[in-house]
Every structure is written in C-alpha cells, then in structure tokens.
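Scroll down for the structure; my scribbles are underneath it.
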Amino acid sequence: MQEAQRIRELPPYLFARIEKKIEEAREKGIDIISLGIGDPDLPTSEHIIDKLVEQAHNPENHRYPTSVGMLSFREAVAKWYKNLYDVELDPKKEVVSLIGSKEGIGHISFCYVDPGDINLVPDPGYPVYGIGTLLAGGKPYTMPLTKENGFLPDLKAIPGDIAKKAKLMFLNYPNNPTGAVADLNFFQEVVEFAKSYDLIVCHDAAYSEITFDGYRAPSFLQTPGAKEVGIEFNSVSKPYNMTGWRIGWACGRPDVIEALGRIKSNLDSGAFQAVQYAAIAALTGPQDCLDEVRKIYEERRDIIVEGLNSLGWNLEKPKATFYIWAPVPKGYTSAEFAELVLDKAGVIITPGNGYGEYGEGFFRIALTISKERMQEAIQRMKEALGKVEF
Ligand SMILES: *Cc1c(COP(=O)(O)O)cnc(C)c1O
C-alpha cells in the first residue's frame, strides 16, 4: 500500500550517503572520528540518576502521568526561569511538560496549522520546524540566516502578504547549527513583528545554558510583551547531559500552552513521573555542573577553532552552543568537502546543506567528543588537506 502523502513528501534524508560511507569504513576496520553528532558525551550527574532510581521504585509513578506534567515539575521549571532569567511563569497555566522539547516542536504545528497555512522557518535550522509544519499540512516559508546578518533572520525581508498568512515563527538562539546568538533588541523586534501580523513565536532555547567566556544568553520571555506573542521550548537535554531521558517543556503564552497540552493529552499521555522527578532534581539541585559543562565545551571549542585557523580558516569563537559552523574551502560543495574529509582523514563532519539550502557552503562540527580525539581529528585534517584556500 502506498504511504500517506504527508510522509512521502518529507525531504530526502541528506546524510544517507555519508552514513553508508561510515558503515563501509567501519567494516574495513578504519578508525573514524565523528564530529557529526550533537549529543553530549558526558554522563548525567549521579544525584539525578539516584532520584530516578528512588522514584522508579514508587508504585504511584507506575501509573499514567498527567499529560501536562506534575505540578511540582512545572513549579521547578517556573523557579528555574525566575532564578536564571527573572521571568515570572504561572506553573499551572504557563508551563507544559514535553517528552523532550523536540516532541513539542513537532506537535505545535498541529495546534495552529491547517492545510496550506504558512510557518516561518529559519534556514539553516533544526529540521523539526519544517518537518512539523509539513506533517501538519502546512508550508514552511524560509527565513535565510546569512553570515552578513549575523545568522539572524531579516524580518523586513519577509513579504507582508506572507507574514499576514503565517501562523508560527520558529526561532532558535543560541543557534544550532550556526552557533549565533541573539540579543534582547532583536527579540524586541520579533515581538513587534509578531504583534503586527498576529503570529505566534516559538523560540527554541535548547542551548540557553551552553555559553562561553562569561556570556549569558537571554530568554525570549525576558523581552517585554513576549508572553503575549509566544512560547519558549527548552529541556534538560543539553545542559544536564540528559538527551536520552526525554523530558523538556514549553512555557509562555497561556492559550498556546493549553493548546499544546490538549494535543498531548490526545496523543502521548505525558512523561514517566520518575523521569519528571529526575528533571526536578536537575533543575533545583546543585548547578555547579553547568559551569563544568561550559568549561569543557569552551576548551573543546578553542581546540577546534584554533586548529582550523592554523589550517587556513579564519573563524571567530562562537559565544554559545557546542557547534562550530565553518565555510568549506574554495572549489567544494558541502557534501563534496564532507566526503573528502571522511575519505582522506577518517573524520566525520556534517555538510551544512543538511540544515537547509542556505547551509550550502558550510559544515558543522559538534564538540561532543574528548579533547584528545579532537586534537587527533585536527592533526589528521592537517595531513590530509594541507593549507586550505577560500
Ligand atoms: C537538541 C535540540 C533540541 C531537542 O532536544 P530535546 O532532547 O528534544 O529536548 C531542540 N532544538 C535544537 C535546536 C536542538 O539542537
């Protein structure tokens, strides 16, 4: 039987060719260093694991959770926002738990998008914004993120008729894959734009805590008026090394939070309560682990940026995220360069076009392996490529 149009229309899987090559190399016993996957290699803290174990033994947690999350979890999120960003949230109306923020990012389009509707989606960007839009029957409208604009969308370049029709605008700062950050002035422009066109802003703050050199990223919800136009997605995944635990949240504008909760109550019935207790332990427990994590990624960032610069690149050190976004040398497409680096150096980098057409000409490196392996990767690239030109 033929599959439904909505899944047949999903974009082709761009990394398939590289993945096949990795498999071939591994079969031949070649040592591959992967700078491809944005998934923390560090373990979750012991006190968080202990909380999960303790709560897993409690039969009260073996039953269905509520779909919007335990009130104590939502209170922990509200307190975390108050402490870190001085943002006030009503845990009963302005926070909903998610099975990882990806789940909510994927589902939010089902709340607002009818077939043919438009969502504004950054390119390059996390693929789920566009995919969620397509699955709901909508059309993603690309907001190009270019180096010239500091990888911020140019809101003035969005045609008025598109903006009028648009339902959601997805944003993500600190940004995956570019490592760019946004300030409150930009967020203020976004709030004005959203108000004038009556659209909902969905800010993805997955990397809010992964910041360097003393820089602190603002929350979108710190912007005056933000809670009237939008929500913010976040999770314990990246800051607390908990990607496998699948627990996150959306917070902000109450009717949007309620709509997301309604979709969830009809689809997934929420997250395992023992996992919610573990997330509470992460959010309310000792926070020195955040400084440790920042220090580790900062050191790794310096190794990659300084290493690539010694090969001929001219990169600035990003202020946040665990990604380095770099241009490919002259004469290559993103896919060709990624293939060359894999073939000649046994190093995996992610071709930028995997994040959208405006990612063409770039590649992404994830800082989620040890310093030693990174140094080895740079050394191998040096031997394989020599000096590169742009
Ligand atoms: C990792 C990531 C997420 C999703 O993380 P969850 O584990 O689902 O909370 C969301 N957005 C971006 C940009 C990411 O890189």
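Note that the coordinates shown come from a computational prediction; the quantities given were computed from them, not determined experimentally. Atoms within a ligand are numbered from 1 in the order they appear, just like the ligands themselves.
With ring centers used as reference points, Y277 lies 6.0 Å or more from F73. Residues Y207 and Y323 bring their aromatic ring centres within 6.0 Å. Taking the six-membered ring where the residue is Trp, the centroids of W313 and F390 are separated by under 6.0 Å.
Contacts between S101 and ligand 1, counted as non-hydrogen atom pairs separated by less than 4.0 Å, involve both the backbone and the side chain. Neither the backbone nor the side chain of E103 has any atom closer than 4.0 Å to an atom of ligand 1 (non-hydrogen atoms only).
Heavy-atom proximity to R246, at under 4.0 Å, picks out these atoms of ligand 1: 6 (P), 7 (O), 8 (O). Shown in contact with Y207 at under 4.0 Å from a heavy atom are these atoms of ligand 1, numbered in order with element: 1 (C), 13 (C), 14 (C), 15 (O). The distance from ligand 1 to the heavy atoms of G100 drops below 4.0 Å at these ligand atoms: 8 (O), 9 (O). For ligand 1, the atoms closer than 4.0 angstrom to any heavy atom of S235 are 6 (P), 9 (O).
Geometrically, ligand 1 and N172 share no nitrogen or oxygen pair separated by less than 3.5 Å. Ligand 1 has a nitrogen or oxygen under 3.5 angstrom from a nitrogen or oxygen of D204. Between Y323 and ligand 1, a contact under 3.5 Å exists for no N or O pair.
Between D302 and R300 there is no salt bridge, since none of the side-chain N atoms of the basic residue sits less than 4.0 Å from a carboxylate O of the acidic one.
Looking only at heavy atoms of the protein, atom 2 (C) of ligand 1 is closest to K238 NZ, 2.5 Å. What sits closest to atom 7 (O) of ligand 1 on the protein, heavy atoms only, is S237 OG, 2.6 Å.
Every pair passing side chain to side chain donor-acceptor pair (under 3.5 Å) that includes a residue from residues 123-132 is listed here, sequence neighbours excluded: Y129-D204.
With hydrogens and angles ignored, the 3.5 Å screen pairs a side-chain donor or acceptor of R253 with a backbone N or O of E228.
Under the 30°/60° scheme for interplanar angles, the aromatic rings of W325 and F151 are found to stand perpendicular.
The hydrophobic cluster containing I131, built from Ile/Leu/Val/Met/Phe/Trp/Tyr side-chain heavy atoms closer than 4.5 Å, also comprises I7, L10, F110, L135, I263, L267.
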